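The structure appears right after this line, and notes come after that.
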Amino acid sequence: MSTVLPGDHIPAQHVNLKLGPGLLQVSSVTSEGTDSTVIATRAGELNYSSNRSKWWIESNSRRYVPAPQESVIGVVTQKVGEGYRIDIGSAHPASLDGLAFEGATKRNKPNLKVGCLVYARVSLAQKDMEPELECFDAQTRKSEGFGELKGGFMARCSLKMCRDLLDPKHFLLPLLGGRFPLEAAVGLNGRVWVNAKEVKQVIALVRCIEAADPDGEGWTRKV
């Protein structure tokens, strides 16, 4: 890992390359054809996955910048035609089509209410455009845990904490899961949803996440 500044060239190369927050792929025309390079758009710590297929920049940014294939937790703010407008904490609200669920048809699709929480995947994210969401896995077309989140609490934490919680090597969720059964959904937009059989267990989950987040200003939302 290394620190990069806006405009720095990033040596990101992979057959299935996926760029996360802070990185932009640009194309230029040369005498030998079209050349594609990756540059940094923000200052921070450069990170990449073990197989170097996923690259992103970790920074102290408070606002979430959507990136394709990232999982997010959103709040339904409005029903628009056959779809919904979702608050994911970014500069623009996201759109979620009513058919973007596993097995959904025009006659059989979820009926989400304003205020509902949804766990979704960013399917399209471009600058100055509303991001688009889907509630199924891109490869299997199955829900794979995506969809409406019922009950439980939603906690806010830093963007870095969310990425840490998604790391299989992170201690917190496995440690808590060894104490009592729990459900958890982690969004890369700084939101974590948790649920358990007893209210005191849910409260303990939220407090532990807040305590483990050195950059957080944790608050909770009950649904």
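Computed from a prediction, not measured in an experiment: that's the story for all the values here.
- Cluster membership check: L173 shares its hydrophobic cluster with V202, using side-chain heavy-atom separations under 4.5 Å among Ile, Leu, Val, Met, Phe, Trp and Tyr.
- Counting heavy atoms from C-beta outward, C135 and L96 have side chains that approach closer than 4.5 Å.
- Comment: E130 engages R85 in a salt bridge, judged by a side-chain N to carboxylate O separation of less than 4.0 angstrom.
- Side chain of N47 to backbone of E45: a donor-acceptor contact under 3.5 angstrom is found.
- In this structure, R179 has no side-chain hydrogen bond (donor to acceptor under 3.5 Å, both in side chains) partners at least two apart in sequence or on a different chain.
- Within the structure, salt bridge (charged side-chain N to carboxylate O under 4.0 Å, His left out) pairs that include any residue of residues 184-206 comprise D87-R191, E198-K200 (at least two apart or interchain).
- Of all non-hydrogen atoms in V206 and V194, the two that sit nearest each other are CG2-CG2, 3.7 Å.
- Residues passing the ring pair (Phe, Tyr, Trp, His ring centres under 6.0 Å) test with W56: none are found, sequence neighbours excluded.
- Using a 4.5 Å cut-off between side-chain heavy atoms of Ile, Leu, Val, Met, Phe, Trp and Tyr, with links allowed through other members, V76 and V122 fall into the same hydrophobic cluster.
- Between C208 and L172 the shortest heavy-atom distance is O-CD2, 4.0 Å.
- Nearest heavy-atom pair, I86 versus G74, reported as atom, atom and distance to 0.1 Å: CG2-CA, 3.5 Å.
- N111 is linked by a side-chain contact (heavy atoms from CB on, under 4.5 Å) to K79, Y84, K113, counting only residues two or more places apart in sequence or in another chain.
- A pairwise comparison of heavy atoms in A196 and P181 identifies CB-O, 3.8 Å as the closest pair.
- Applying the side-chain hydrogen bond (donor to acceptor under 3.5 Å, both in side chains) rule to pairs touching residues 93-104 yields E102-S143, sequence neighbours excluded.
- For E134, the side-chain hydrogen bond (donor to acceptor under 3.5 Å, both in side chains) criterion is met by R121, not counting sequence neighbours.
- To the nearest 0.5 Å, atom CG of residue L166 and atom CD of residue E70 are 9.5 Å apart.
- Contacts classified as ring pair (Phe, Tyr, Trp, His ring centres under 6.0 Å) and involving residues 154-174 (residues at least two apart or in different chains) are not found.
- The shortest distance between side-chain heavy atoms of L117 and W193 falls below 4.5 Å.
- Closest of all the heavy-atom pairs between D213 and C157 is OD2-CB, 3.1 Å.
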- Task: Carefully, step by step, assess E183 and K150 under the rule salt bridge (Lys or Arg N to Asp or Glu O under 4.0 Å).
- Result: CA-CA 11 Å; E183 295 178 277; K150 300 179 180 180; over 6 Å; no

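- Ion pair D137/R141 not flagged as a salt bridge, since none of the NZ, NE, NH1 or NH2 atoms sits closer than 4.0 Å to an Asp/Glu carboxylate oxygen.
- Linking Ile, Leu, Val, Met, Phe, Trp and Tyr whenever their side-chain heavy atoms come within less than 4.5 Å puts F153 and I209 in one cluster.
- Side-chain heavy atoms closer than 4.5 Å link hydrophobic residues (I, L, V, M, F, W, Y) into clusters, and following such links, even through other members, never connects L124 to V80.
- Within the structure, ring pair (Phe, Tyr, Trp, His ring centres under 6.0 Å) contacts touching residues 87-119 (residues at least two apart or in different chains) are Y119-F146.
- Side-chain contact between L165 and M161 is present, with heavy atoms from C-beta onward closer than 4.5 Å.
- Among residues two or more places apart in sequence or in another chain, the salt bridge (Lys or Arg N to Asp or Glu O under 4.0 Å) test is passed with K109 by E82.
- Here the straight-line distance linking atom CG of L182 with atom CD of Q201 works out to 8.5 Å at 0.5 Å rounding.
- Contact of the I88 side chain with the P131 side chain is registered, since non-hydrogen atoms from C-beta on lie closer than 4.5 Å.
- Going from atom CD1 of I57 over to atom OG1 of T41 covers 6.0 Å, rounded to the nearest 0.5 Å.
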Could you list the donor-acceptor pairs under 3.5 angstrom formed by side chains in residues 6-25, with sequence neighbours left out?
unit_1 : atom_1 : unit_2 : atom_2 : d
D8     : OD2    : L5     : N      : 2.8
H14    : ND1    : N16    : N      : 3.0
Q25    : NE2    : S36    : OG     : 3.1

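- F136 and L188 fall into different hydrophobic clusters, where Ile, Leu, Val, Met, Phe, Trp and Tyr are joined by side-chain heavy atoms under 4.5 Å apart, directly or via other members.
- Scored by the side-chain hydrogen bond (donor to acceptor under 3.5 Å, both in side chains) test, K54 finds no partners at all (sequence neighbours excluded).
- In this view, Q126 satisfies the side-chain hydrogen bond (donor to acceptor under 3.5 Å, both in side chains) rule with no residue, not counting sequence neighbours.
- Checked by atom type and distance alone, the side chain of N189 pairs as donor or acceptor with a backbone atom of I73 at under 3.5 Å.
- The minimum heavy-atom distance between V114 and T77, with the atom names listed, is CG1-O, 3.8 Å.
- Between V72 and Y64 the shortest side-chain heavy-atom distance falls below 4.5 Å.
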